[in-house]
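Down below is the structure, laid out as structure tokens.
Protein chains get the first letters and strands the later ones, always in sequence-line order, with residue 1 at the start of each.
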Number of protein chains: 2
Amino acid sequence: MTDTTIPTNTIRRLPRYYHYMQDLVDQGDKYVTSDQIANYFGIHPTQVRKDLAFTGLIGKPKVGHVLQEALESVRNFLGWDTNSKAFIVGAGNLGSAIIGYGGFDVTGVSIVAAFDTDPDKIGHVINGIEVFPMRKFTDMALKMGVKIGIITCAAEAAEAVANTMVVSGITAIWNFTPVKPYVPENVIMEQTELYSSLAILSRRIKELEGK
Amino acid sequence: MTDTTIPTNTIRRLPRYYHYMQDLVDQGDKYVTSDQIANYFGIHPTQVRKDLAFTGLIGKPKVGHVLQEALESVRNFLGWDTNSKAFIVGAGNLGSAIIGYGGFDVTGVSIVAAFDTDPDKIGHVINGIEVFPMRKFTDMALKMGVKIGIITCAAEAAEAVANTMVVSGITAIWNFTPVKPYVPENVIMEQTELYSSLAILSRRIKELEGK
DNA sequence: TATATATTGATAAAAAAATCACGTAAAATC
DNA sequence: GATTTTACGTGATTTTTTTATCAATATATA
């Protein structure tokens with residue numbers, strides 16, 4: 001319906017609201033106001049309203065939002081209400097951490113198989129997920145209709161892995177390497193660079209010291 | 001000198017440029033142009049110029065930048081030229097992944113000790129880093145003058161851990177939990193939420209399907 | 001039932017970020 | 001040596017994002 005693209009920042013903030021609202025439910029609350037959320041995160045109430053409005057949520061004056069409705073609305077908006085399978089390539093430390101993270105359950109994404117080229121890793125089971133040889137990727141992905149691929153291998157291999165993913169019908173890639181693999185336009189790529197966060201930290205420290 | 005605050009987005013992009021430029025060096029190049037970087041990342045050349053200008057770098061028309069100079073300039077700007085120690089709290093999957101990541105070397109940050117409350121984890125050595133009981137945190141941090149803290153424990157413990165960090169002289173916190181602990185203003189906090197990335201992915205998939 | 005209050009959604013204003021456009025400088029070519 | 005080309009830096013412009021304002025409305029209270 002809405003043809004406007006959703007700001008990435010909005011999408012980034014919503015999971016936080018979600019988590020906070022879940023906490024409120026757990027402690028027995030039934031309602032939440034935008035001001036409450038804004039206050040908790042130290043951001044502007046109007047921003048929270050705008051963000052929530054994107055999900056189609058409408059609140060009641062003087063009351064705010066019914067938590068259950070709000071949670072559902074965000075869940076639905078983010079696509080967390082449909083289950084989808086993911087393959088992960090790279091069963092090293094980072095891969096294992098992602099596999100074992102557990103926190104993704106709520107997003108409806110479940111990692112169903114891991115892949116690696118290292119013979120020492122193949123055959124192992126991490127948190128219930130088996131590690132298969134990389135050459136089986138395409139076959140299995142096509143057969144199982146997997147659409148999400150996670151890249152946690154070494155940077156040098158990322159380009160090749162991304163290529164394999166594309167030809168295997170993967171339409172969304174979550175890439176943890178600092179490399180930016182070339183993929184067709186219709187493939188969604190989300191890059192999480194661990195050291196860009198560290199960069200912000202060390203830069204801010206430097207700024208502080210300069211004062 | 002410059003009293004203007006640096007846009008976070010600039011700081012986030014610079015490590016990517018850095019990595020790309022490092023690759024160019026590795027393949028024997030001596031120079032790089034903004035257009036080259038922009039082209040590689042699919043962004044606007046002016047943006048690259050502006051970003052690099054923040055680091056104080058000035059290029060030569062028709063040539064671009066000497067790679068070695070550019071790398072050094074970025075490194076210096078990001079504070080990657082000074083070594084600093086970090087403590088990590090939570091030696092589970094994610095913590096182990098961060099400890100074993102290795103990619104942080106270039107940033108000058110080195111993780112020197114891990115902490116946990118789980119007796120099963122205490123005493124273990126992960127990638128050369130020993131896991132200490134949490135109660136030793138403050139003592140060790142003060143003694144070693146550690147300024148960076150990384151939180152990879154369970155969300156429920158994050159608030160308490162952050163408090164401990166603050167009283168232990170930590171001035172910069174990298175938080176992987178979805179909780180937003182309260183810290184004094186002078187403490188820098190950088191939040192990496194793994195599932196906010198996943199949120200973007202599943203939302204974009206949904207948008208695509210809607211078309 | 002009337003009035004006060006809190007919180008909403010919508011719209012306007014401000015701020016920030018990204019892009020464009022232009023003049024300039026170094027190298028390459030003629 | 002003159003001309004062309006390429007890439008630079010920077011100020012102006014556009015776009016996007018965030019913040020402020022305000023009328024409307026549901027609840028609580030008198």
- Query: Quick one: does R16(A)'s side chain get under 4.5 Å of E193(B)'s, heavy atoms only?
  - Reply: yes
- Flag side-chain contact, heavy atom, 4.5 Å: L201(A) against L198(A): yes
- Let me know the distance between CD of Q47(A) and P of dA20(D), rounded to the nearest Å. 11 Å
Under 3.5 Å, which donor-acceptor pairs do the side chains of residues 167-176 of chain A form with other protein atoms, sequence neighbours left out?
unit_1, atom_1, unit_2, atom_2, d
S168(A), OG, T138(A), OG1, 2.9
S168(A), OG, T164(A), O, 2.5
W174(A), NE1, T192(A), OG1, 2.7
N175(A), OD1, T177(A), N, 2.9
N175(A), OD1, T177(A), OG1, 2.9
N175(A), ND2, V179(A), O, 2.9

- Quick one: on DNA chain D, does P45(B) or N9(A) contact a more 5' nucleotide (nearest heavy atom)? P45(B)
- Nearest whole angstrom, please: distance from the P of dA7(D) to the CG of L52(B). 15 Å
- Atom-to-atom span, CG of D35(B) to P of dT5(D) - whole angstrom: 17 Å
Using residues 19-36 of chain A as the side-chain source, report each donor-acceptor pair under 3.5 Å to any protein atom, sequence neighbours left out, with the distance given to one decimal.
unit_1, atom_1, unit_2, atom_2, d
T33(A), OG1, Q36(A), N, 3.1
D35(A), OD1, R49(A), NH2, 2.9
Q36(A), OE1, T33(A), N, 3.2

- Query: Is a donor on one side and an acceptor on the other found under 3.5 Å between the side chain of R203(B) and the backbone of F77(A)?
  - Reply: yes
- Query: Can you pull the contact range of chain A along DNA chain C, 5' to 3', using atoms under 4.0 angstrom from its heavy atoms?
  - Reply: dT5(C) to dA12(C)
- Message: Nearest whole Å is fine: how far is dT16(D) P from I6(A) CD1?
- Response: 13 Å
N/O to N/O distances under 3.5 Å, protein versus nucleotides 9-15 of chain D:
unit_1, atom_1, unit_2, atom_2, d
dG9(D), OP1, G59(B), N, 2.8
dG11(D), O6, K50(B), NZ, 3.2

Could you list the donor-acceptor pairs under 3.5 angstrom formed between side-chain atoms of residues 85-109 of chain A and any protein atom two or more places apart in sequence or on another chain?
unit_1, atom_1, unit_2, atom_2, d
K85(A), NZ, M144(A), O, 3.2
S96(A), OG, G92(A), O, 2.7
T107(A), OG1, F104(A), O, 2.6
T107(A), OG1, V109(A), N, 3.3

Let me have the donor-acceptor pairs involving side chains of residues 50-60 of chain A, under 3.5 Å, with sequence neighbours excluded, atom names and distances please.
unit_1, atom_1, unit_2, atom_2, d
D51(A), OD1, T10(A), OG1, 2.8
D51(A), OD1, R13(A), NH2, 3.2
D51(A), OD2, R13(A), NE, 2.6
D51(A), OD2, R13(A), NH2, 3.4
D51(A), OD2, Y17(A), OH, 2.7
T55(A), OG1, L52(A), O, 2.7
T55(A), OG1, S73(A), OG, 2.9

- Between K206(A) and E209(A), is there a salt bridge with N-O shorter than 4.0 Å? no
- Could you give the OH-to-P distance, from Y31(B) to dT6(D), as a whole number of Å? 19 Å
